[in-house]
Amino acid sequence: MHFIRIPIALLSFLCFTTLSAKADGWLTDYDAALASAAKQNKKVLLDFTGSDWCPGCIRLKKQVFDMPQFKDFADKNLVLVEIDKPYQKTLPAKLAKQNEELADQYQIDKLPTIILLSPQGKILKQQSIFMDGPQGFIDWVNSGK
């Protein structure tokens, strides 16, 4: 009897994690990200993206978010959240609804838009243009503006 419970519990955990985290370290569950940021005292980066159709979004991912310098910085300083609005792939209904609500909440009218939040969820800054390379992004996060 105990042998059956362990695999089922493990399977349930793995299913939950795949829904809230992507393989590249980006979370998709906004509430879980805020809780994690508060616990770790890290800032939250929201990336509003059209991952499969938006040229600026694809460029930002390729030239900033996929770079080792960004990944090292983010691992130490940020909780990453992807808020995606794809055209070619279908998101689970709950995730699509969350992403629509967040786009409304933060009044997103252009992609890509990135928002930096405090560990408590307060907006620190917002940007709707592409940043030049990982160092430009790191400078933006670290600047007081």
Could you give the distance from [atom1] ([X]) to [atom2] ([Y]), rounded to the nearest 0.5 Å?
X   : Y    : atom1 : atom2 : answer
F70 : K61  : CZ    : NZ    : 10.0 Å
N77 : Q40  : CG    : CD    : 11.0 Å
T49 : L60  : OG1   : CG    : 7.5 Å
K42 : L80  : NZ    : CG    : 8.5 Å
I83 : L111 : CD1   : CG    : 11.5 Å
L95 : Y30  : CG    : OH    : 14.5 Å

Legend entry - Atom CD of Q105 with >12 non-hydrogen neighbours under 6.0 angstrom: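 Counting other residues, nucleotides and ligands, CD of Q105 exceeds 12 neighbours.
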Legend entry - Crowding at NZ, K85 (>12 non-hydrogen neighbours, <6.0 Å):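 At most 12 heavy atoms, drawn from other residues, nucleotides or ligands, come within 6.0 Å of this atom.
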Legend entry - Co-membership, hydrophobic cluster, residues V64 and M67, 4.5 Å side-chain: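 As far as the 4.5 Å side-chain criterion goes, M67 and V64 are not connected within one cluster.
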Inset, instruction - May I ask you to decide if T28's main-chain N or O and Q98's side chain share a donor-acceptor pair within less than 3.5 Å? - result: yes
Inset, instruction - Please list all pairs passing the ring pair (Phe, Tyr, Trp, His ring centres under 6.0 Å) test where one or both residues lie in residues 73-120, with sequence neighbours left out. - result: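 The answer is W53-Y87.
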Compare every heavy atom of [Y] with every heavy atom of [X], then report the nearest pair and how far apart it is.
X    : Y    : value
Q63  : P134 : O-CD, 3.5 Å
V44  : A37  : CG2-CB, 3.3 Å
P86  : D52  : CA-OD1, 3.3 Å
T113 : S128 : OG1-OG, 3.0 Å
S51  : I58  : O-CG1, 3.6 Å

Legend entry - Q126 vs I108 side-chain heavy atoms within contact, under 4.5 Å: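 Yes, their side chains come closer than 4.5 Å.
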Inset, instruction - Check whether any side-chain heavy atom of L91 lies under 4.5 Å from a side-chain heavy atom of N99, and answer yes or no. - result: yes
Legend entry - Worked verdict on D84 versus W26 for side-chain contact (heavy atoms from CB on, under 4.5 Å): CA-CA 11 Å; D84 198 5; W26 288 81; over 6 Å; no
Legend entry - L117 and L34: CA distance, side-chain angles, deciding distance, side-chain contact (heavy atoms from CB on, under 4.5 Å) verdict: CA-CA 9 Å; L117 303 175; L34 289 179; 4.0 Å; yes
Inset, instruction - Just do the side-chain contact (heavy atoms from CB on, under 4.5 Å) check on I138 and Q135 with the steps written out, would you? - result: CA-CA 5 Å; I138 292 167; Q135 190 57 54; 4.0 Å; yes
